[in-house]
Amino acid sequence: MTGHASPILTSLLDTDAYKLHMQQAVFHRYHDVTVKAEFRCRGDEQLGLYADDIRDAITTMQDLALTDEEATWLSHLPFFRQDYLHWLRQFRYNPEQVEVRNHHGMLDIRIQGPWREVIMWEVPLLALISEIVHRHRTPQVTTQQAVDHLHQKLSAFKTEVADLDMSRFRLMDFGTRRRYSQDVQEAIVSTLKQDFPWLIGTSNYDLARRLSLTPVGTQAHEWFQAFQQISPVLANSQRAALQAWLDEYDDQLGIALTDCIAMDAFLRDFGPHFARRYQGLRHDSGDPVEWGEKALAHYQKLGIDPLSKNLVFSDNLNLDKALALYRHFGQRTNVVFGIGTRLTCDIPGVTPLNIVIKLVQCNGKPVAKLSDSPGKTICQDKAFVRALRKAFDLPLVKKAS
């Protein structure tokens with residue numbers, strides 16, 4: 001890679017916690033399921049120019065392996081089982097599962113293979129792409145600039161909340177996937193740990209281990225998407241996904257993601273059994289206030305005290321948006337804020353990438369993410385989108401992007 005021969009990623013744990021959490025469940029329950037995932041850039045950026053560098057960096061990932069220290073650390077966490085950790089010690093990335101092309105200037109990436117292996121590519125690959133692109137576009141940017149800008153934001157935030165009861169405010173770093181670089185993320189999270197008393201953890205397992213922070217995360221959209229083909233009945237797929245997660249983790253890791261199809265469809269499936277067993281819900285698309293009000297009304301309708309549950313907000317947040325949501329919901333339920341890009345790629349003069357990798361097939365058949373934001377809809381099979389909308393009683397007006 002141009003001027004950067006050393007690997008960008010140096011730890012197998014340099015990924016989001018929910019990847020390992022989902023991987024263990026897949027390892028135990030869906031060992032033979034195959035999937036296909038695709039890269040999407042939500043802008044029209046010509047990222048294909050960096051395809052060669054990205055391909056070279058992917059090749060170096062085959063050398064990543066869990067160290068003895070990392071394996072020991074994972075074994076002391078309450079939700080991992082020894083059979084999975086033994087298998088994870090042998091796990092290696094297989095670059096042959098990833099096809100990278102420069103398609104008329106656009107970056108085209110497709111990943112396919114066993115779900116238990118493909119599941120690991122998304123987060124580090126997105127982080128790798130982001131770092132390569134930023135190295136080329138803004139090579140003059142330093143980690144210190146990122147930290148200096150964070151200090152300015154933290155100072156303004158502390159002034160803003162000086163007269164506010166902040167005892168229930170909780171922040172998590174969700175910044176791995178679209179970070180400026182690994183160095184910047186580590187510096188940002190280290191600064192937050194030292195200077196921001198409301199930080200409760202990070203989604204990055206490597207940073208959690210090295211900085212003695214709590215790792216946070218449960219499941220992603222792909223968990224619910226895959227069940228659209230794993231479940232024998234499409235209309236039951238969300239309930240099957242919710243139950244399978246409880247079967248694997250019981251009363252641990254109990255935050256459910258609500259927007260794979262849409263909040264209203266999710267709540268119809270999130271009856272008393274699930275509402276009591278899960279510790280809370282995560283917002284990732286659509287209007288956060290409207291979403292939160294629906295969640296609280298749902299709990300109240302079921303006779304569940306909202307103060308016994310958690311609402312996790314994680315959609316395009318910054319500190320100001322988090323504070324506004326805290327003012328609205330903070331005394332009515334337990335709120336947690338997962339901030340990603342606006343922490344780890346918020347540097348003057350830098351434009352963050354809006355990039356994702358999502359499942360498009362499971363066992364050779366289409367899956368979809370409909371979401372509460374039409375621009376986040378992912379599925380190229382219009383017939384399957386229509387079937388999904390019909391199964392979940394959603395209007396057939398919005399089209400997949």
Worked verdict on H21 versus Y84 for ring pair (Phe, Tyr, Trp, His ring centres under 6.0 Å):
CA-CA 10 Å; H21 301 162; Y84 165 68; 9.4 Å; no

Between R55 and D53, is there a side-chain N and carboxylate O pair less than 4.0 Å apart?
no

Taking D14 as the fixed residue, which of R210, R177, R179 is the one that meets the salt bridge (charged side-chain N to carboxylate O under 4.0 Å, His left out) rule?
R179

Backbone of G338 reached by a side-chain donor or acceptor of R170 within 3.5 Å
no

Hey, would you say the F157 and W198 ring centroids sit under 6.0 Å apart?
yes

Side chains of residues 146-156: which donor-acceptor pairs under 3.5 Å do they make with residues two or more places apart or in other chains?
{"unit_1": "D148", "atom_1": "OD1", "unit_2": "Q144", "atom_2": "NE2", "d": "2.7"}
{"unit_1": "K153", "atom_1": "NZ", "unit_2": "R342", "atom_2": "O", "d": "2.8"}
{"unit_1": "K153", "atom_1": "NZ", "unit_2": "D346", "atom_2": "OD2", "d": "2.7"}

Which is it for K19 and E122 under the salt bridge (charged side-chain N to carboxylate O under 4.0 Å, His left out) test, yes or no, and what are the steps along the way?
CA-CA 9 Å; K19 282 295 167 179; E122 176 199 354; 2.7 Å; yes

Taking atom NZ of K301 as the centre, does the number of heavy atoms from other residues, nucleotides or ligands within less than 6.0 Å exceed 12?
no

Sub-6.0 Å ring centroid separation between Y18 and W223
no

Is there side-chain contact between Y30 and V35, with at least one heavy-atom pair below 4.5 Å?
no

For a side-chain hydrogen bond (donor to acceptor under 3.5 Å, both in side chains) check, start with the C-alpha distance between S75 and Q82, then their side-chain angles and the critical distance, and finish with the verdict.
CA-CA 7 Å; S75 71; Q82 287 305 312; 4.9 Å; no

Centroid separation F337 to F174 less than 6.0 Å:
no

Any side-chain to backbone donor/acceptor pair from Q62 onto T59? Under 3.5 Å, distance only.
yes

Out of L211, L343, V184, which one pairs with V189 under the side chain to side chain contact (heavy atoms under 4.5 Å, CB included) rule?
L211

Run the side-chain hydrogen bond (donor to acceptor under 3.5 Å, both in side chains) test on E293 and H328 for me, step by step, so that the C-alpha distance in whole Å, both residues' side-chain angles and the decisive distance to 0.1 Å come before the verdict.
CA-CA 10 Å; E293 292 295 347; H328 188 87; 2.7 Å; yes

Output, in order, the C-alpha distance, side-chain angles, deciding distance and verdict of side-chain hydrogen bond (donor to acceptor under 3.5 Å, both in side chains) for T138 and Y180.
CA-CA 10 Å; T138 53; Y180 183 85; 3.0 Å; yes

With heavy-atom distances below 4.5 Å as the criterion, would you say the side chains of L296 and F329 are in contact?
yes

One pair to check against side-chain hydrogen bond (donor to acceptor under 3.5 Å, both in side chains): H104 and Q46. What are the steps and the verdict?
CA-CA 8 Å; H104 305 299; Q46 301 284 299; over 6 Å; no

N/O donor-acceptor pair under 3.5 Å between T218 side chain and I255 backbone:
yes

Is there side-chain contact between Q361 and K365, with heavy atoms separated by less than 4.5 Å?
no

Cut-off 3.5 Å, side chains only: do N354 and E45 have a donor facing an acceptor?
no

Are S314 and R282 linked by a side-chain donor-acceptor pair shorter than 3.5 Å?
yes

For V367 and Q225 the tightest heavy-atom approach is CG1-O, 3.2 Å

Check the angle between the aromatic planes of W87 and F91 and answer parallel, tilted or perpendicular using the 30° and 60° thresholds.
tilted

